There are 2 protein chains.
Amino acid sequence: MGRRGDVLELAVLGLLHESPMHGYELRKRLNSLLGAFRALSYGTLYPALKSLLGQGLIREAGAGQGPALTGKRGRIVYELTAEGKERFQSLVTQPGPAAWEDERFNVHFAFFSRTDAATRLQVLEGRRSRLQERLEGFRTSMTRTRERLDSYTMELEQHGLESVEREVRWLTELIDSERAGNMTHLEDPDRPRPTGPARSGVHGAPDRGR
Amino acid sequence: MGRRGDVLELAVLGLLHESPMHGYELRKRLNSLLGAFRALSYGTLYPALKSLLGQGLIREAGAGQGPALTGKRGRIVYELTAEGKERFQSLVTQPGPAAWEDERFNVHFAFFSRTDAATRLQVLEGRRSRLQERLEGFRTSMTRTRERLDSYTMELEQHGLESVEREVRWLTELIDSERAGNMTHLEDPDRPRPTGPARSGVHGAPDRGR
DNA sequence: GTTAGCATGTAAGGAGTTACATGATTTT
DNA sequence: AAAATCATGTAACTCCTTACATGCTAAC
(Lines give C-alpha, C1' and ligand atoms only; values in the text may rest on other atoms or scores of the structure.)
Protein backbone atom coordinates (compact mmCIF):
# COMPACT_ATOMS: atom_id res chain seq x y z
CA MET A 1 0.00 0.00 0.00
CA GLY A 2 2.52 2.61 0.97
CA ARG A 3 4.58 3.95 -1.83
CA ARG A 4 7.27 1.42 -1.26
CA GLY A 5 8.45 -1.45 -3.38
CA ASP A 6 5.16 -1.84 -5.07
CA VAL A 7 6.14 -3.71 -8.17
CA LEU A 8 2.85 -5.45 -7.87
CA GLU A 9 0.85 -2.27 -8.18
CA LEU A 10 2.48 -1.35 -11.46
CA ALA A 11 2.20 -4.86 -12.82
CA VAL A 12 -1.46 -5.29 -11.95
CA LEU A 13 -2.42 -1.89 -13.29
CA GLY A 14 -0.51 -2.57 -16.46
CA LEU A 15 -2.14 -5.92 -17.08
CA LEU A 16 -5.60 -4.60 -16.38
CA HIS A 17 -4.86 -1.78 -18.77
CA GLU A 18 -4.71 -4.35 -21.54
CA SER A 19 -7.99 -5.97 -20.61
CA PRO A 20 -10.18 -6.62 -17.58
CA MET A 21 -9.40 -9.82 -15.77
CA HIS A 22 -10.17 -11.75 -12.62
CA GLY A 23 -7.61 -12.57 -9.96
CA TYR A 24 -6.95 -16.13 -10.89
CA GLU A 25 -6.10 -15.26 -14.46
CA LEU A 26 -4.17 -12.21 -13.38
CA ARG A 27 -1.90 -14.39 -11.33
CA LYS A 28 -0.92 -16.47 -14.31
CA ARG A 29 -0.05 -13.43 -16.40
CA LEU A 30 1.79 -11.94 -13.47
CA ASN A 31 3.97 -14.97 -13.08
CA SER A 32 5.37 -14.77 -16.57
CA LEU A 33 5.82 -11.04 -16.20
CA LEU A 34 7.56 -10.87 -12.86
CA GLY A 35 11.11 -12.15 -13.29
CA ALA A 36 10.59 -15.39 -15.13
CA PHE A 37 8.61 -17.64 -12.90
CA ARG A 38 8.19 -16.52 -9.42
CA ALA A 39 4.97 -18.19 -8.46
CA LEU A 40 3.23 -15.33 -6.77
CA SER A 41 0.72 -16.69 -4.30
CA TYR A 42 -2.92 -15.77 -3.81
CA GLY A 43 -2.06 -14.70 -0.31
CA THR A 44 -0.22 -11.82 -1.92
CA LEU A 45 -2.40 -11.10 -4.88
CA TYR A 46 -5.86 -10.89 -3.38
CA PRO A 47 -4.97 -8.52 -0.56
CA ALA A 48 -3.20 -6.38 -3.14
CA LEU A 49 -6.32 -6.25 -5.30
CA LYS A 50 -8.32 -5.32 -2.24
CA SER A 51 -5.95 -2.49 -1.56
CA LEU A 52 -6.11 -1.20 -5.13
CA LEU A 53 -9.88 -1.38 -4.93
CA GLY A 54 -9.79 0.63 -1.73
CA GLN A 55 -7.64 3.26 -3.40
CA GLY A 56 -10.15 3.53 -6.21
CA LEU A 57 -7.63 2.53 -8.85
CA ILE A 58 -9.60 -0.50 -9.98
CA ARG A 59 -13.26 -1.50 -9.81
CA GLU A 60 -15.35 -4.59 -10.38
CA ALA A 61 -16.32 -4.76 -14.01
CA GLY A 62 -19.91 -5.44 -14.98
CA ALA A 63 -21.23 -3.76 -11.86
CA GLY A 64 -24.18 -1.50 -12.60
CA GLN A 65 -24.83 -2.89 -16.08
CA GLY A 66 -26.44 -6.27 -16.45
CA PRO A 67 -27.16 -7.57 -12.97
CA ALA A 68 -27.57 -11.12 -14.30
CA LEU A 69 -24.25 -11.14 -16.08
CA THR A 70 -21.74 -12.08 -13.43
CA GLY A 71 -24.52 -12.27 -10.93
CA LYS A 72 -24.03 -14.80 -8.22
CA ARG A 73 -20.41 -14.35 -7.27
CA GLY A 74 -18.05 -16.56 -9.04
CA ARG A 75 -15.18 -14.82 -10.62
CA ILE A 76 -14.74 -11.16 -9.95
CA VAL A 77 -13.50 -9.32 -12.98
CA TYR A 78 -11.57 -6.15 -12.31
CA GLU A 79 -10.95 -3.20 -14.59
CA LEU A 80 -9.12 0.09 -14.28
CA THR A 81 -10.87 3.26 -13.20
CA ALA A 82 -9.95 6.62 -14.66
CA GLU A 83 -7.66 7.25 -11.70
CA GLY A 84 -6.14 3.84 -12.23
CA LYS A 85 -5.24 4.70 -15.77
CA GLU A 86 -3.72 7.99 -14.74
CA ARG A 87 -1.81 6.33 -11.99
CA PHE A 88 -0.42 3.74 -14.34
CA GLN A 89 0.65 6.34 -16.85
CA SER A 90 2.42 8.38 -14.22
CA LEU A 91 4.17 5.33 -12.79
CA VAL A 92 5.30 4.16 -16.18
CA THR A 93 6.44 7.49 -17.59
CA GLN A 94 8.18 8.76 -14.47
CA PRO A 95 10.48 5.93 -13.57
CA GLY A 96 12.41 6.62 -10.40
CA PRO A 97 15.83 5.12 -9.89
CA ALA A 98 14.01 2.10 -8.50
CA ALA A 99 13.07 1.20 -12.06
CA TRP A 100 16.43 -0.38 -12.75
CA GLU A 101 16.35 -2.80 -9.90
CA ASP A 102 16.19 -6.36 -11.05
CA GLU A 103 12.51 -7.03 -10.82
CA ARG A 104 11.10 -3.62 -11.45
CA PHE A 105 13.11 -3.39 -14.60
CA ASN A 106 11.35 -6.36 -16.14
CA VAL A 107 7.96 -4.92 -15.40
CA HIS A 108 8.86 -1.49 -16.69
CA PHE A 109 10.28 -3.03 -19.80
CA ALA A 110 7.18 -5.09 -20.42
CA PHE A 111 5.11 -1.92 -20.58
CA PHE A 112 7.50 -0.01 -22.81
CA SER A 113 4.97 0.24 -25.59
CA ARG A 114 2.98 2.61 -23.39
CA THR A 115 5.87 5.03 -23.05
CA ASP A 116 7.80 7.43 -25.23
CA ALA A 117 11.32 6.88 -26.50
CA ALA A 118 12.83 9.29 -23.97
CA THR A 119 11.47 7.31 -21.06
CA ARG A 120 12.62 4.07 -22.59
CA LEU A 121 16.13 5.35 -23.06
CA GLN A 122 16.20 6.61 -19.52
CA VAL A 123 15.25 3.22 -18.11
CA LEU A 124 17.53 1.24 -20.41
CA GLU A 125 20.52 3.44 -19.69
CA GLY A 126 19.82 3.51 -15.97
CA ARG A 127 19.68 -0.24 -15.95
CA ARG A 128 22.89 -0.52 -17.89
CA SER A 129 24.78 1.78 -15.55
CA ARG A 130 23.54 -0.24 -12.65
CA LEU A 131 24.88 -3.43 -14.15
CA GLN A 132 28.15 -1.80 -15.07
CA GLU A 133 28.66 -0.72 -11.49
CA ARG A 134 28.14 -4.31 -10.54
CA LEU A 135 30.66 -5.50 -13.05
CA GLU A 136 33.14 -3.05 -11.65
CA GLY A 137 32.81 -4.27 -8.10
CA PHE A 138 32.67 -7.79 -9.34
CA ARG A 139 35.94 -7.59 -11.20
CA THR A 140 37.83 -5.88 -8.43
CA SER A 141 36.65 -8.39 -5.88
CA MET A 142 37.65 -11.17 -8.25
CA THR A 143 41.19 -9.95 -8.66
CA ARG A 144 41.42 -9.15 -4.99
CA THR A 145 40.62 -12.70 -4.03
CA ARG A 146 41.75 -14.62 -7.07
CA GLU A 147 44.48 -16.57 -5.31
CA ARG A 148 42.58 -17.96 -2.40
CA LEU A 149 39.58 -19.29 -4.25
CA ASP A 150 39.04 -22.85 -5.28
CA SER A 151 38.12 -23.75 -8.84
CA TYR A 152 34.43 -24.11 -8.20
CA THR A 153 34.03 -20.71 -6.67
CA MET A 154 35.95 -19.23 -9.55
CA GLU A 155 33.82 -21.03 -12.08
CA LEU A 156 30.73 -19.66 -10.38
CA GLU A 157 31.99 -16.11 -10.34
CA GLN A 158 33.09 -16.37 -13.93
CA HIS A 159 29.68 -17.54 -14.99
CA GLY A 160 27.99 -14.75 -13.06
CA LEU A 161 30.30 -12.22 -14.62
CA GLU A 162 29.59 -13.41 -18.12
CA SER A 163 25.89 -13.35 -17.44
CA VAL A 164 25.98 -9.73 -16.44
CA GLU A 165 28.18 -8.89 -19.40
CA ARG A 166 25.67 -10.51 -21.67
CA GLU A 167 22.86 -8.47 -20.24
CA VAL A 168 24.87 -5.30 -20.75
CA ARG A 169 25.34 -6.15 -24.41
CA TRP A 170 21.65 -6.81 -24.76
CA LEU A 171 20.84 -3.44 -23.26
CA THR A 172 23.34 -1.72 -25.48
CA GLU A 173 21.71 -3.14 -28.56
CA LEU A 174 18.31 -2.03 -27.39
CA ILE A 175 19.62 1.44 -26.65
CA ASP A 176 21.17 1.69 -30.09
CA SER A 177 17.98 0.57 -31.75
CA GLU A 178 15.99 3.00 -29.69
CA ARG A 179 18.30 5.85 -30.68
CA ALA A 180 18.34 4.99 -34.35
CA GLY A 181 14.95 4.40 -35.91
CA ASN A 182 12.68 3.54 -33.05
CA MET A 183 13.10 -0.12 -32.52
CA THR A 184 13.48 -1.08 -36.12
CA HIS A 185 14.40 -4.59 -35.33
CA LEU A 186 11.45 -4.99 -33.04
CA GLU A 187 8.85 -3.73 -35.39
CA ASP A 188 8.07 -6.96 -37.14
CA PRO A 189 8.33 -9.91 -34.80
CA ASP A 190 7.85 -12.42 -37.61
CA ARG A 191 10.80 -11.35 -39.63
CA PRO A 192 13.67 -13.62 -38.58
CA ARG A 193 15.98 -10.88 -37.42
CA PRO A 194 17.65 -10.04 -40.75
CA THR A 195 21.14 -8.69 -40.30
CA GLY A 196 21.22 -6.48 -37.28
CA PRO A 197 23.95 -6.45 -34.68
CA ALA A 198 23.69 -10.15 -33.97
CA ARG A 199 21.50 -9.99 -30.97
CA SER A 200 20.97 -13.70 -31.10
CA GLY A 201 23.61 -13.73 -28.38
CA VAL A 202 23.91 -16.88 -26.51
CA HIS A 203 24.97 -15.85 -23.12
CA GLY A 204 22.41 -15.23 -20.51
CA ALA A 205 21.32 -13.11 -17.69
CA PRO A 206 22.45 -14.24 -14.32
CA ASP A 207 20.34 -16.39 -12.21
CA ARG A 208 16.78 -15.52 -12.37
CA GLY A 209 15.54 -14.22 -9.16
CA ARG A 210 17.29 -11.04 -8.69
CA MET B 1 16.50 -22.32 13.55
CA GLY B 2 13.71 -24.02 11.68
CA ARG B 3 14.73 -26.36 8.96
CA ARG B 4 13.25 -24.13 6.37
CA GLY B 5 14.88 -21.93 3.78
CA ASP B 6 18.00 -21.55 5.78
CA VAL B 7 20.41 -20.69 3.03
CA LEU B 8 22.13 -18.46 5.48
CA GLU B 9 22.94 -21.26 7.85
CA LEU B 10 24.74 -23.24 5.18
CA ALA B 11 26.54 -20.19 3.84
CA VAL B 12 27.75 -19.00 7.24
CA LEU B 13 28.90 -22.44 8.33
CA GLY B 14 30.68 -22.89 5.03
CA LEU B 15 32.54 -19.62 5.24
CA LEU B 16 33.53 -20.16 8.84
CA HIS B 17 34.74 -23.59 7.84
CA GLU B 18 37.40 -21.89 5.75
CA SER B 19 38.51 -19.60 8.52
CA PRO B 20 37.17 -17.84 11.61
CA MET B 21 35.69 -14.44 10.94
CA HIS B 22 33.69 -11.69 12.55
CA GLY B 23 30.25 -10.62 11.40
CA TYR B 24 31.21 -7.56 9.45
CA GLU B 25 33.67 -9.44 7.31
CA LEU B 26 31.32 -12.38 7.00
CA ARG B 27 28.75 -10.11 5.46
CA LYS B 28 31.08 -9.06 2.68
CA ARG B 29 31.95 -12.62 1.80
CA LEU B 30 28.30 -13.56 2.01
CA ASN B 31 27.31 -10.91 -0.47
CA SER B 32 29.52 -12.20 -3.21
CA LEU B 33 28.45 -15.73 -2.43
CA LEU B 34 24.70 -15.31 -2.30
CA GLY B 35 23.43 -14.77 -5.83
CA ALA B 36 25.75 -12.08 -7.14
CA PHE B 37 25.23 -9.03 -5.01
CA ARG B 38 22.32 -9.14 -2.73
CA ALA B 39 23.38 -6.79 0.02
CA LEU B 40 22.44 -8.84 3.03
CA SER B 41 21.79 -6.54 5.95
CA TYR B 42 23.09 -6.71 9.49
CA GLY B 43 19.55 -6.97 10.68
CA THR B 44 19.55 -10.43 9.14
CA LEU B 45 23.08 -11.52 9.79
CA TYR B 46 23.54 -10.78 13.46
CA PRO B 47 20.36 -12.45 14.65
CA ALA B 48 21.35 -15.43 12.52
CA LEU B 49 24.75 -15.61 14.19
CA LYS B 50 23.06 -15.40 17.55
CA SER B 51 20.87 -18.30 16.62
CA LEU B 52 23.79 -20.42 15.43
CA LEU B 53 25.58 -19.61 18.67
CA GLY B 54 22.52 -20.72 20.60
CA GLN B 55 22.47 -23.99 18.71
CA GLY B 56 26.11 -24.58 19.59
CA LEU B 57 27.19 -24.71 15.97
CA ILE B 58 29.60 -21.80 16.31
CA ARG B 59 31.45 -20.22 19.22
CA GLU B 60 33.43 -17.09 19.90
CA ALA B 61 37.03 -17.69 19.02
CA GLY B 62 39.72 -16.78 21.50
CA ALA B 63 37.43 -17.21 24.48
CA GLY B 64 39.05 -19.08 27.37
CA GLN B 65 42.61 -18.53 26.18
CA GLY B 66 44.13 -15.16 26.63
CA PRO B 67 41.63 -12.96 28.43
CA ALA B 68 43.46 -9.83 27.28
CA LEU B 69 43.44 -10.81 23.63
CA THR B 70 40.11 -9.67 22.34
CA GLY B 71 39.33 -8.21 25.68
CA LYS B 72 37.31 -5.07 25.50
CA ARG B 73 34.68 -5.97 22.99
CA GLY B 74 35.43 -4.90 19.54
CA ARG B 75 35.03 -7.42 16.87
CA ILE B 76 33.71 -10.80 17.80
CA VAL B 77 35.37 -13.54 15.83
CA TYR B 78 33.37 -16.70 15.39
CA GLU B 79 34.56 -20.19 14.58
CA LEU B 80 32.88 -23.53 14.05
CA THR B 81 32.41 -26.00 16.86
CA ALA B 82 32.70 -29.72 16.27
CA GLU B 83 28.93 -29.91 15.91
CA GLY B 84 29.06 -27.05 13.46
CA LYS B 85 31.50 -28.93 11.27
CA GLU B 86 29.35 -32.01 11.34
CA ARG B 87 26.29 -30.02 10.57
CA PHE B 88 27.95 -28.37 7.61
CA GLN B 89 29.11 -31.69 6.23
CA SER B 90 25.69 -33.20 6.50
CA LEU B 91 24.03 -30.18 4.89
CA VAL B 92 26.46 -30.12 2.05
CA THR B 93 26.55 -33.82 1.27
CA GLN B 94 22.82 -34.47 1.62
CA PRO B 95 21.27 -31.90 -0.66
CA GLY B 96 17.51 -32.01 -0.57
CA PRO B 97 15.52 -30.96 -3.62
CA ALA B 98 15.75 -27.44 -2.22
CA ALA B 99 19.37 -27.37 -3.35
CA TRP B 100 18.41 -26.55 -6.92
CA GLU B 101 16.45 -23.46 -6.16
CA ASP B 102 18.03 -20.31 -7.50
CA GLU B 103 19.87 -19.10 -4.46
CA ARG B 104 20.61 -22.31 -2.67
CA PHE B 105 22.18 -23.66 -5.79
CA ASN B 106 24.84 -20.97 -5.82
CA VAL B 107 25.75 -21.65 -2.24
CA HIS B 108 25.87 -25.39 -2.70
CA PHE B 109 27.99 -24.95 -5.77
CA ALA B 110 30.43 -22.69 -3.99
CA PHE B 111 31.16 -25.44 -1.49
CA PHE B 112 31.50 -28.19 -4.05
CA SER B 113 35.12 -28.78 -3.17
CA ARG B 114 33.95 -30.17 0.16
CA THR B 115 31.79 -32.81 -1.46
CA ASP B 116 32.25 -35.97 -3.49
CA ALA B 117 31.56 -36.31 -7.20
CA ALA B 118 28.29 -38.16 -6.64
CA THR B 119 26.85 -35.29 -4.63
CA ARG B 120 28.02 -32.78 -7.18
CA LEU B 121 26.39 -34.66 -10.01
CA GLN B 122 23.18 -34.94 -8.08
CA VAL B 123 23.02 -31.20 -7.51
CA LEU B 124 24.06 -30.25 -11.03
CA GLU B 125 21.56 -32.60 -12.62
CA GLY B 126 18.79 -31.60 -10.27
CA ARG B 127 19.41 -28.00 -11.12
CA ARG B 128 19.43 -28.72 -14.81
CA SER B 129 16.11 -30.58 -14.69
CA ARG B 130 14.62 -27.69 -12.80
CA LEU B 131 15.68 -25.25 -15.47
CA GLN B 132 14.50 -27.52 -18.23
CA GLU B 133 11.06 -27.70 -16.68
CA ARG B 134 11.05 -23.96 -16.74
CA LEU B 135 12.04 -23.86 -20.37
CA GLU B 136 9.21 -26.21 -21.13
CA GLY B 137 6.57 -24.07 -19.52
CA PHE B 138 8.21 -21.01 -20.91
CA ARG B 139 8.06 -22.18 -24.47
CA THR B 140 4.49 -23.39 -24.30
CA SER B 141 3.32 -20.14 -22.77
CA MET B 142 5.22 -18.27 -25.45
CA THR B 143 3.53 -20.07 -28.31
CA ARG B 144 0.21 -19.90 -26.53
CA THR B 145 0.37 -16.14 -26.34
CA ARG B 146 2.62 -15.27 -29.25
CA GLU B 147 -0.01 -13.38 -31.23
CA ARG B 148 -1.24 -10.99 -28.61
CA LEU B 149 2.07 -9.75 -27.30
CA ASP B 150 3.77 -6.56 -28.29
CA SER B 151 7.37 -6.52 -29.45
CA TYR B 152 8.82 -5.43 -26.15
CA THR B 153 7.24 -8.21 -24.18
CA MET B 154 8.43 -10.68 -26.76
CA GLU B 155 11.93 -9.29 -26.65
CA LEU B 156 11.91 -9.69 -22.88
CA GLU B 157 10.69 -13.25 -22.98
CA GLN B 158 13.16 -14.10 -25.69
CA HIS B 159 16.01 -12.77 -23.63
CA GLY B 160 14.83 -14.64 -20.57
CA LEU B 161 14.57 -17.81 -22.56
CA GLU B 162 18.07 -17.50 -23.93
CA SER B 163 19.40 -16.82 -20.47
CA VAL B 164 17.99 -20.02 -19.13
CA GLU B 165 19.19 -21.93 -22.17
CA ARG B 166 22.63 -20.59 -21.60
CA GLU B 167 22.63 -21.76 -18.01
CA VAL B 168 21.51 -25.21 -19.09
CA ARG B 169 24.46 -25.45 -21.45
CA TRP B 170 26.78 -24.36 -18.69
CA LEU B 171 25.45 -27.05 -16.39
CA THR B 172 25.75 -29.65 -19.11
CA GLU B 173 29.41 -28.86 -19.56
CA LEU B 174 30.00 -29.10 -15.84
CA ILE B 175 28.18 -32.41 -15.69
CA ASP B 176 30.23 -33.80 -18.54
CA SER B 177 33.46 -32.68 -16.94
CA GLU B 178 32.39 -34.17 -13.66
CA ARG B 179 31.58 -37.47 -15.32
CA ALA B 180 34.80 -37.65 -17.30
CA GLY B 181 37.95 -37.01 -15.32
CA ASN B 182 36.84 -35.06 -12.32
CA MET B 183 36.70 -31.49 -13.45
CA THR B 184 39.62 -31.63 -15.80
CA HIS B 185 38.94 -28.22 -17.16
CA LEU B 186 38.70 -26.78 -13.70
CA GLU B 187 41.84 -28.26 -12.34
CA ASP B 188 44.14 -25.57 -13.57
CA PRO B 189 42.45 -22.20 -13.49
CA ASP B 190 45.37 -20.52 -15.21
CA ARG B 191 45.28 -22.56 -18.33
CA PRO B 192 43.20 -20.60 -20.84
CA ARG B 193 40.53 -23.22 -21.40
CA PRO B 194 42.25 -25.28 -24.09
CA THR B 195 39.86 -26.75 -26.60
CA GLY B 196 36.75 -27.80 -24.79
CA PRO B 197 33.27 -26.95 -26.02
CA ALA B 198 34.06 -23.26 -26.20
CA ARG B 199 32.71 -22.12 -22.92
CA SER B 200 35.17 -19.30 -22.66
CA GLY B 201 33.63 -16.90 -25.14
CA VAL B 202 33.20 -13.78 -23.17
CA HIS B 203 32.08 -11.79 -26.09
CA GLY B 204 29.44 -12.77 -28.55
CA ALA B 205 30.00 -16.47 -28.55
CA PRO B 206 29.49 -17.85 -32.04
CA ASP B 207 27.37 -20.58 -30.60
CA ARG B 208 23.99 -19.41 -31.82
CA GLY B 209 22.45 -22.58 -30.41
CA ARG B 210 18.86 -22.45 -29.25
C1' DG C 1 -23.90 -37.00 -7.23
C1' DT C 2 -19.23 -36.87 -6.60
C1' DT C 3 -14.64 -35.81 -7.87
C1' DA C 4 -11.52 -32.35 -9.99
C1' DG C 5 -10.22 -27.98 -10.84
C1' DC C 6 -11.61 -23.05 -10.90
C1' DA C 7 -11.89 -19.09 -7.92
C1' DT C 8 -11.68 -16.28 -3.74
C1' DG C 9 -10.17 -15.35 0.49
C1' DT C 10 -7.83 -15.29 5.66
C1' DA C 11 -4.38 -16.24 9.51
C1' DA C 12 0.10 -17.28 11.01
C1' DG C 13 4.56 -16.86 10.37
C1' DG C 14 9.28 -16.65 7.89
C1' DA C 15 12.82 -13.98 6.04
C1' DG C 16 14.61 -9.85 5.16
C1' DT C 17 15.00 -4.52 5.00
C1' DT C 18 15.20 0.17 7.04
C1' DA C 19 16.03 3.00 10.49
C1' DC C 20 17.76 3.60 14.64
C1' DA C 21 21.19 3.40 18.51
C1' DT C 22 25.79 2.71 20.13
C1' DG C 23 30.68 1.99 20.72
C1' DA C 24 35.63 1.08 18.95
C1' DT C 25 39.42 1.96 15.79
C1' DT C 26 41.75 4.24 12.29
C1' DT C 27 42.87 8.22 9.56
C1' DT C 28 43.63 13.00 8.90
C1' DA D 1 40.62 15.83 18.66
C1' DA D 2 37.45 15.35 14.80
C1' DA D 3 35.83 12.70 11.11
C1' DA D 4 35.37 8.53 8.87
C1' DT D 5 34.64 3.93 8.88
C1' DC D 6 34.55 -0.39 11.25
C1' DA D 7 31.61 -3.13 14.09
C1' DT D 8 27.59 -4.77 16.66
C1' DG D 9 23.10 -4.82 17.72
C1' DT D 10 17.54 -3.96 18.14
C1' DA D 11 12.61 -2.70 16.75
C1' DA D 12 9.26 -2.01 13.55
C1' DC D 13 7.57 -3.04 9.42
C1' DT D 14 6.99 -5.14 4.55
C1' DC D 15 6.42 -8.49 1.50
C1' DC D 16 5.58 -12.85 0.66
C1' DT D 17 4.55 -17.93 1.46
C1' DT D 18 2.09 -21.78 3.60
C1' DA D 19 -1.70 -23.72 5.18
C1' DC D 20 -6.19 -23.43 5.79
C1' DA D 21 -11.21 -22.55 4.74
C1' DT D 22 -14.84 -21.99 1.53
C1' DG D 23 -17.90 -22.20 -2.37
C1' DC D 24 -18.83 -22.63 -7.43
C1' DT D 25 -18.76 -25.14 -11.89
C1' DA D 26 -17.66 -28.68 -15.09
C1' DA D 27 -16.89 -33.61 -16.15
C1' DC D 28 -17.73 -38.37 -15.42
Side-chain angles (χ1 to χ4, degrees), chain A residues 1-12 20-31 33-35 37-54 58-63 68-78 97-98 101-104 107 208-210, chain B residues 1-12 20-31 33-35 37-54 58 60-63 68-78 97-98 101-104 107:
Chain A
M1 8 190 54
R3 180 79 342 122
R4 268 279 94 62
D6 257 318
V7 208
L8 245 195
E9 177 179 14
L10 176 61
V12 168
M21 247 178 278
H22 58 275
Y24 199 82
E25 196 184 347
L26 208 38
R27 192 187 93 128
K28 281 189 277 187
R29 305 280 261 101
L30 240 18
N31 285 343
L33 194 66
L34 264 34
F37 297 40
R38 303 175 39 205
L40 183 76
S41 67
Y42 299 119
T44 311
L45 178 59
Y46 286 117
L49 286 175
K50 208 173 179 177
S51 156
L52 290 175
L53 200 57
I58 63 177
R59 80 169 89 85
E60 296 188 22
L69 261 173
T70 45
K72 63 272 304 251
R73 273 304 114 108
R75 1 168 104 185
I76 303 176
V77 175
Y78 293 101
E101 293 312 310
D102 295 307
E103 308 209 329
R104 284 191 95 97
V107 177
R208 270 319 329 152
R210 69 290 298 306
Chain B
M1 23 184 84
R3 178 76 347 115
R4 266 278 93 64
D6 257 316
V7 208
L8 246 195
E9 178 179 12
L10 175 60
V12 168
M21 247 178 278
H22 58 275
Y24 198 84
E25 196 183 348
L26 208 38
R27 192 186 94 129
K28 281 188 279 187
R29 306 281 260 101
L30 241 17
N31 284 345
L33 194 66
L34 263 35
F37 298 36
R38 301 175 42 205
L40 183 75
S41 67
Y42 299 119
T44 312
L45 178 59
Y46 286 116
L49 286 174
K50 208 172 177 179
S51 157
L52 290 174
L53 199 58
I58 62 177
E60 295 188 22
L69 261 173
T70 45
K72 63 272 306 258
R73 272 305 112 109
R75 359 169 106 184
I76 303 176
V77 175
Y78 294 100
E101 294 313 311
D102 293 308
E103 310 209 329
R104 284 190 94 95
V107 178

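Worth knowing before you read on, the calculation uses all heavy atoms, side chains too, and leaves out hydrogens, waters and symmetry mates. On a predicted model such as this, the values are computed, not experimentally measured, just so you know. Below, chains carry the letters A, B, ... as their sequence lines are ordered, and counting in each starts from 1.
For B/Tyr42, the ring-ring contact (aromatic ring centres under 6.0 Å, His included) partners are B/Tyr24, B/Tyr46, not counting sequence neighbours. Residues passing the side chain to side chain contact (heavy atoms under 4.5 Å, CB included) test with A/Ser41, sequence neighbours excluded: A/Thr44. By the salt bridge (Lys or Arg N to Asp or Glu O under 4.0 Å) test, A/Arg27 is found to be paired with no residue, residues two or more places apart in sequence or in another chain being considered.
Once rounded to the nearest 0.5 Å, the distance linking CG of B/Leu26 with CG of B/Leu49 reads 6.0 Å. Remark: A/Leu30 CG to A/Leu8 CG distance equals 6.0 Å, nearest 0.5 Å.
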Contacts under 3.5 Å, N or O only, protein and nucleotides 11-13 of chain C:
none

Anything under 3.5 Å between a protein N or O and an N or O of nucleotides 6-8 of chain C, put it in a table, one pair a line.
{"from": "C/dC6", "atom 1": "OP2", "to": "A/Tyr24", "atom 2": "OH", "distance (Å)": "3.3"}
{"from": "C/dA7", "atom 1": "OP1", "to": "A/Arg75", "atom 2": "NE", "distance (Å)": "2.8"}
{"from": "C/dA7", "atom 1": "OP1", "to": "A/Arg75", "atom 2": "NH2", "distance (Å)": "2.2"}
{"from": "C/dT8", "atom 1": "OP1", "to": "A/Ile76", "atom 2": "N", "distance (Å)": "2.9"}
{"from": "C/dT8", "atom 1": "OP1", "to": "A/Ile76", "atom 2": "O", "distance (Å)": "3.4"}
{"from": "C/dT8", "atom 1": "OP2", "to": "A/Gly23", "atom 2": "N", "distance (Å)": "3.3"}
{"from": "C/dT8", "atom 1": "OP2", "to": "A/Tyr24", "atom 2": "N", "distance (Å)": "2.6"}
{"from": "C/dT8", "atom 1": "OP2", "to": "A/Tyr46", "atom 2": "OH", "distance (Å)": "2.6"}
{"from": "C/dT8", "atom 1": "O5'", "to": "A/Tyr46", "atom 2": "OH", "distance (Å)": "3.2"}

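Neither OP1 nor OP2 of C/dG16 sits under 4.0 Å from any side-chain N or O of B/Thr44.
One atom, CG of B/Leu40, and another, C1' of C/dA15, lie 10 Å apart when rounded to the nearest Å. Residue B/Leu30 contributes atom CG, which lies 13 Å from atom P of D/dT8 at whole-angstrom precision. Separating the CE atom of B/Met21 from the P atom of D/dC6 is a distance of 17 Å, rounded to the nearest angstrom.
In this structure, the helix from C/dG1-D/dC28 to C/dT28-D/dA1 shows an angle of 30° between the axis at its start and the axis at its end, each fitted on 5 base pairs and rounded to 10°.
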